[in-house]
Amino acid sequence: MAPGDKTKCIFYADDRVFGWVYRGQVKITIDGQEPKTLSKGWAFNVAPRLSYCMETVGTEPVVFYRTAPARAGAFLSGKRNADACSGYKYVKVKISATGGYDSVNVPFFNVDEYGASGS
């Protein structure tokens, strides 16, 4: 993503999204979590049904890898003023429960530190 670029806020109904930053800095905002700026070596883990957005920070483009569910449609978060994309029909829905985190399943972690810890 180029400097200043932002993504729309999206979520997946039944699956997590994982990502890893290769270069640059990106601010990740996940519902229920404090926004965090990640740099090279950091990973993010978005629990099911939690909306997340990404924004490039600084003057350098950010290069990252992101894994999302194959063939699963992303949901746009209505509270984030999502606009319609051409060719798609939008239906307003409400969810009553979201995924979450625990001591092992965390939203952000440094891959380099984790690998060096021997865990």
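Here the structure is a predicted model, which means the values were calculated and not measured.
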Check your understanding: How far apart are the C-alpha atoms of Phe64 and Val26, what are their side-chain angles, what is the distance that settles it, and do they pass the side chain to side chain contact (heavy atoms under 4.5 Å, CB included) test?
Key -> CA-CA 9 Å; Phe64 62 90; Val26 63; 5.5 Å; no
Nearest 0.5 angstrom please: [X] [atom1] to [Y] [atom2], how far?
X      : Y      : atom1 : atom2 : result
Thr56  : Lys27  : OG1   : NZ    : 11.5 Å
Gln33  : Tyr101 : CD    : OH    : 5.5 Å
Trp42  : Gln25  : CH2   : CD    : 12.0 Å
Cys53  : Lys6   : SG    : NZ    : 9.5 Å
Asn110 : Ser39  : CG    : OG    : 7.5 Å
Phe44  : Ile28  : CZ    : CD1   : 4.5 Å

Exercise for review: I would like to know whether Met54 and Arg66 meet side chain to side chain contact (heavy atoms under 4.5 Å, CB included); could you show each step before the answer?
Suggested key: CA-CA 11 Å; Met54 302 172 72; Arg66 176 177 52 190; 3.4 Å; yes
Exercise for review: Sequence neighbours left out, what pairs pass side chain to side chain donor-acceptor pair (under 3.5 Å) with at least one residue falling in residues 12-22?
Suggested key: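 Those involving residues 12-22 are Arg16-Asn45.
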Exercise for review: Report yes or no: do Val111 and Val63 belong to one cluster of Ile/Leu/Val/Met/Phe/Trp/Tyr joined by side chain heavy-atom distances under 4.5 Å?
Suggested key: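 Yes, it is one cluster - the side chains of Val111 and Val63 are joined through contacts under 4.5 Å.
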Exercise for review: Go through the structure and list residues passing side chain to side chain contact (heavy atoms under 4.5 Å, CB included) with Thr98, not counting sequence neighbours.
Suggested key: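 With sequence neighbours excluded, Thr98 shows a side chain to side chain contact (heavy atoms under 4.5 Å, CB included) to Arg49, Leu50, Ile95, given in chain and number order.
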Practice item. Look only at the side chain of Asp5 and the backbone of Ala2, and say whether a donor-acceptor pair between them is shorter than 3.5 Å. Key: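 Present.
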